[in-house]
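Atom set for the values below is all heavy atoms of this structure, side chains included, hydrogens, waters and symmetry mates excluded. Throughout, residue positions are numbered sequentially from 1 according to the sequence presented.
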Amino acid sequence: MNVARDSVANFAGDFVGNEVVCVVRFGKQKARGKALLETAELIFRSEDGALRLKLAFGDLKSASAADGELRLETAEGPAIFQLGANAAKWCEKILHPKTRLEKLGIKANAAVSVVGDFAADFLGELRSVTKNVNVGGDNRGKAGPGAGADAEWIFFSAASSKDLSQVAKLAKSLKGAAALWVVYPKGQKQITENDVLAAGRKCGLKDIKVVGFSPTHTALKFVIPVENR
């Protein structure tokens with residue numbers, strides 16, 4: 001159990017996706033702050049920085065929701081999040097988390113193109129649901145000729161903002177409802193969410209979703225705006 005004295009909270013109505021401003025009770029502490037529901041953990045940091053929680057789903061003794069509160073039993077005692085109507089939804093996600101491919105929207109037999117340096121476990125996950133996986137470009141994230149052509153899904157790994165120069169080339173290969181996922185490291189100065197958003201928007205793409213790709217990486221989804229397809 002990784003519980004840093006930092007986090008969690010009471011629902012104040014500020015809810016966006018898997019991030020919420022709320023109030024949490026943890027032992028004798030009570031604080032308002034921001035809670036983030038990741039792929040395999042719930043992270044909280046109070047507004048004053050005095051309380052932090054990082055609760056891995058696998059380390060929880062139990063999770064339950066009632067009367068607008070999410071109750072997580074940890075080795076150090078209960079952490080109670082006041083989430084309102086979202087308490088039950090978060091509880092379900094904690095008890096029955098989606099797989100990475102489910103979150104990314106990959107269906108059986110989908111045409112997928114992978115550009116850049118991705119871990120073998122992700123490539124294995126892709127190949128377990130579709131044989132139509134094209135690994136293009138090099139491990140430095142440089143897209144080769146025709147990279148992403150005719151793919152329903154393009155996954156591009158960007159380690160720094162310099163790599164984002166490849167987004168324009170990949171954007172041109174998108175057709176119809178095809179999507180580009182840009183995967184980048186979390187909490188790094190050499191590449192930020194704003195850098196990724198700017199790169200996609202500069203090419204005329206629309207950002208529609210963000211997910212926790214792994215404990216160390218985030219993925220942003222871009223598509224061609226409906227009116228331009």
Side-chain angles (χ1 to χ4, degrees), residues 1-107 122 125 129 179 181 183-187 192-194 196-197 206-223:
M1 170 71 62
N2 183 358
V3 179
R5 294 285 169 163
D6 236 77
S7 192
V8 210
N10 171 299
F11 185 66
D14 300 326
F15 186 91
V16 180
N18 289 335
E19 187 173 290
V20 60
V21 174
C22 61
V23 172
V24 72
R25 302 195 305 277
F26 185 65
K28 295 181 179 180
Q29 297 172 281
K30 182 177 181 180
R32 174 186 170 89
K34 184 179 291 184
L36 177 65
L37 189 66
E38 291 276 23
T39 305
E41 63 188 13
L42 191 156
I43 300 170
F44 174 86
R45 178 169 183 143
S46 63
E47 293 175 342
D48 62 6
L51 177 63
R52 294 183 183 181
L53 295 175
K54 189 174 183 181
L55 308 175
F57 298 167
D59 292 336
L60 297 174
K61 295 181 178 180
S62 67
S64 60
D67 301 323
E69 292 187 340
L70 172 65
R71 184 184 182 95
L72 304 179
E73 292 292 344
T74 77
E76 289 78 14
I80 302 172
F81 297 77
Q82 298 174 9
L83 300 174
N86 294 294
K89 296 177 183 178
W90 278 36
C91 186
E92 177 64 21
K93 290 182 178 181
I94 290 170
L95 293 174
H96 306 288
K98 288 184 177 181
T99 66
R100 175 158 55 183
L101 294 191
E102 286 175 336
K103 291 194 305 175
L104 295 170
I106 308 303
K107 307 295 184 183
F122 177 60
E125 290 170 24
V129 298
W181 281 103
V183 181
Y184 62 98
K186 299 178 181 178
T192 66
E193 179 177 304
N194 286 337
V196 179
L197 288 171
K206 183 177 182 179
D207 49 286
I208 61 171
K209 189 175 183 180
V210 60
V211 303
F213 184 81
S214 71
T216 58
H217 286 68
T218 296
L220 260 169
K221 180 181 181 182
F222 293 94
V223 297

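Heavy atoms from other residues, nucleotides or ligands lying under 6.0 Å from CG of Asp67 number 12 at most.
Atom CG of residue Leu72 and atom CG of residue Asp59 lie 12.0 Å apart, to the nearest 0.5 angstrom. Between Thr192 atom OG1 and Tyr184 atom OH the span is 7.5 Å, to the nearest 0.5 Å. Note that the NZ atom of Lys221 and the NZ atom of Lys206 stand 12.0 Å from one another [nearest 0.5 Å]. With rounding to the nearest 0.5 angstrom, the CD1 atom of Ile94 is 5.5 Å from the CG atom of Leu37. Atom CZ in Arg71 sits 12.5 Å away from atom CG in Leu60 (nearest 0.5 Å). Atom CG of residue Leu220 and atom CH2 of residue Trp181 lie 7.5 Å apart, to the nearest 0.5 angstrom.
Looking only at distances, no side-chain donor or acceptor of Glu41 sits under 3.5 Å from a matching main-chain atom of Glu38. Lys103 places a side-chain N or O within donor-acceptor distance of the main-chain N or O of Gly212, the cut-off being under 3.5 Å. Although no hydrogens or angles enter the test, the distance criterion places a donor-acceptor pair under 3.5 Å between the side chain of Lys186 and the main chain of Ser214.
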>> As a quick check of understanding, evaluate side-chain contact (heavy atoms from CB on, under 4.5 Å) for Trp90 and Val20, giving each step before the final call.
In response: CA-CA 11 Å; Trp90 278 36; Val20 60; 3.3 Å; yes
> What do the steps show when you test Phe122 against Leu104 for side-chain contact (heavy atoms from CB on, under 4.5 Å), and what is the final call?
Replying inline: CA-CA 12 Å; Phe122 177 60; Leu104 295 170; 4.0 Å; yes
